[in-house]
Amino acid sequence: MAVTEASLLRQCPLLLPQNRSKTVYEGFISAQGRDFHLRIVLPEDLQLKNARLLCSWQLRTILSGYHRIVQQEVALKNRQELYALPPPPQFYSSLIEEIGTLGWDKLVYADTCFSTIKLKAEDASGREHLITLKLKAKYPAESPDYFVDFPVPFCASWTPQSSLISIYSQFLAAIESLKAFWDVMDEIDEKTWVLEPEKPPRSATARRIALVVKPLGIKLSRNIHLWDPENSVLQNLKDVLEIDFPARAILEKSDFTMDCGICYAYQLDGTIPDQVCDNSQCGQPFHQICLYEWLRGLLTSRQSFNIIFGECPYCSKPITLKMSGRKH
């Protein structure tokens, strides 16, 4: 993870991580003398070669010109790995012995060279967790690379005398330390309608949930003293906001006006409508970029720094848009 982050920051200093697990980066890059907005979504193993790029069609056109060069570099790297010397026999014998001691039931996956293995563990609440280990030819003298789906960094200690058993034990300890956090998030996932992320990974620390619109701000300031640390987060939210959260199992998507009121789509370049009209009689949601383009085209709108003032496309009441750097 540290290597990937350092590489990104060194090559693209205007790309910044958007979450604690550092699987999403967003910002600007320069190409052919122009600045372009870019969003990078990394896979669980944080490998840049499998990353998804969300950008404008202009930048995509520029990047497509380098596609063949990248393919040639990848092919050369794969050829070098193909002809690399295999690990010595004791590498495999000691590894097989360690897996046997650990328990073959813990092994989920191993490639043909045993250079990449996945081990599973179950926490006290019955959740299954995986750790992916990439072993090097000098293992165990050299620490393996490891990848987990945690909301916080997982830093395992390693010495030349360490083994799979030692790193697995540290993996188990980290899982148990996060049990309370995952219990809270699971309750929210099970008892509310989570809009984003649609399939939350264990590393996700935030949820965007559907609410029945009421004057929540007033209730929050009036009832904040009711927050009880002994209760769950969900129960506290119910008490303070005086609402019941709608669950996906009870309500259908059609019960909520979720699509953008301008482009009539739910997702646009990986984002969902996150701007809502303040008029309680309207409450229409919009994508930030859609609302920006709409307000920019109005003769009556005005802009002060990164804030645009105009009228809602639906109810014509005043609406304010604060740009957060996501504009294409």
Side-chain angles (χ1 to χ4, degrees), residues 15-28 36-44 51-57 59-60 149 151 185-186 188-214 216-217 233-234 237 241 243 245-280 282-296 306-308 310 312-315 317 319-328:
L15 280 178
L16 299 177
Q18 302 297 303
N19 55 10
R20 294 185 63 179
S21 58
K22 297 179 180 178
T23 57
V24 179
Y25 287 78
E26 190 166 0
F28 297 87
F36 294 93
H37 175 265
L38 177 65
R39 183 179 176 88
I40 301 177
V41 181
L42 298 173
E44 291 183 6
R52 288 193 302 117
L53 302 181
L54 303 175
C55 59
S56 64
W57 65 268
L59 178 58
R60 195 174 297 276
D149 190 16
M185 302 310 283
D186 279 357
I188 293 175
D189 291 339
E190 293 170 6
K191 297 182 180 180
T192 68
W193 184 352
V194 176
L195 300 174
E196 193 179 29
E198 292 186 4
K199 296 181 180 179
R202 290 297 174 193
S203 57
T205 58
R207 300 290 190 272
R208 189 171 184 178
I209 58 180
L211 292 176
V212 177
V213 178
K214 290 182 178 180
L216 300 181
V233 172
L234 183 61
L237 289 175
L241 299 179
I243 62 173
F245 290 84
R248 183 182 290 270
I250 300 175
L251 295 175
E252 296 295 332
K253 186 175 180 180
S254 58
D255 293 327
F256 288 87
T257 306
M258 298 308 305
D259 293 341
C260 172
I262 297 174
C263 72
Y264 303 108
Y266 177 59
Q267 288 206 357
L268 178 65
D269 290 338
T271 65
I272 66 175
D274 58 359
Q275 307 294 316
V276 181
C277 178
D278 293 329
N279 179 11
S280 60
C282 178
Q284 177 65 44
F286 308 96
H287 293 115
Q288 183 187 94
I289 183 61
C290 294
L291 187 57
Y292 170 79
E293 295 293 346
W294 170 273
L295 294 177
R296 194 174 65 167
N306 64 331
I307 302 178
I308 304 178
C312 173
Y314 270 64
C315 66
K317 297 294 184 181
I319 190 170
T320 303
L321 172 64
K322 183 177 181 180
M323 297 302 299
S324 61
R326 296 182 182 178
K327 176 171 63 69
H328 289 251

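All values below come from the heavy atoms of this structure, side chains included, with hydrogens, waters and symmetry mates left out.
Distance check, rounded to the nearest 0.5 Å: CG of L234 to CD1 of I188 gives 6.0 Å. Between the SG atom of C260 and the CD atom of Q284 there is a distance of 7.5 Å, given to the nearest 0.5 Å. The distance from atom CD1 of I262 to atom CH2 of W294, rounded to the nearest 0.5 Å, is 6.5 Å. Of the inter-residue distances, the one linking Y292 atom OH with I308 atom CD1 reads 5.5 Å to the nearest 0.5 angstrom. Atom CG of D278 sits about 9.5 Å away from atom SG of C312, to the nearest 0.5 Å. Residue R52 holds its CZ atom at 10.5 Å from CG of L42, rounded to the nearest 0.5 Å.
Shortest non-hydrogen contact noted between D259 and P273 is C-CG, 4.1 Å. Minimum heavy-atom separation, G310 to L295: CA-CD2, 3.9 Å. Taking each heavy atom of T320 and I307 in turn, the nearest pair found is CG2-CG2, 3.4 Å.
Annotation: side chain to side chain contact (heavy atoms under 4.5 Å, CB included) contacts of D186 (sequence neighbours excluded): R127, D189, E190, R202. Partners of L268 by side chain to side chain contact (heavy atoms under 4.5 Å, CB included), not counting sequence neighbours, listed by chain and number: T271, H287, I289, C290. Residues passing the side chain to side chain donor-acceptor pair (under 3.5 Å) test with T205, sequence neighbours excluded: none.
With N279 contributing its side chain and K317 its backbone, the two residues share no donor-acceptor pair below 3.5 Å. Panel note: side chain Y25, backbone V41; no donor-acceptor pair is recorded below 3.5 Å. No donor-acceptor distance shorter than 3.5 angstrom exists from the side chain of E26 to the backbone of H37, with no hydrogens or angles considered.
Looking at R39 and V24, their side chains come closer than 4.5 Å, going by heavy atoms from C-beta outward. Residues C263 and F286 have side chains not in contact (no heavy-atom distance under 4.5 Å, counting atoms from C-beta outward). Side-chain contact between R207 and T192 is absent, with no heavy-atom pair separated by less than 4.5 Å.
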Between V233 and M185, is the side-chain contact (heavy atoms from CB on, under 4.5 Å) condition met? List the steps.
CA-CA 9 Å; V233 172; M185 302 310 283; over 6 Å; no
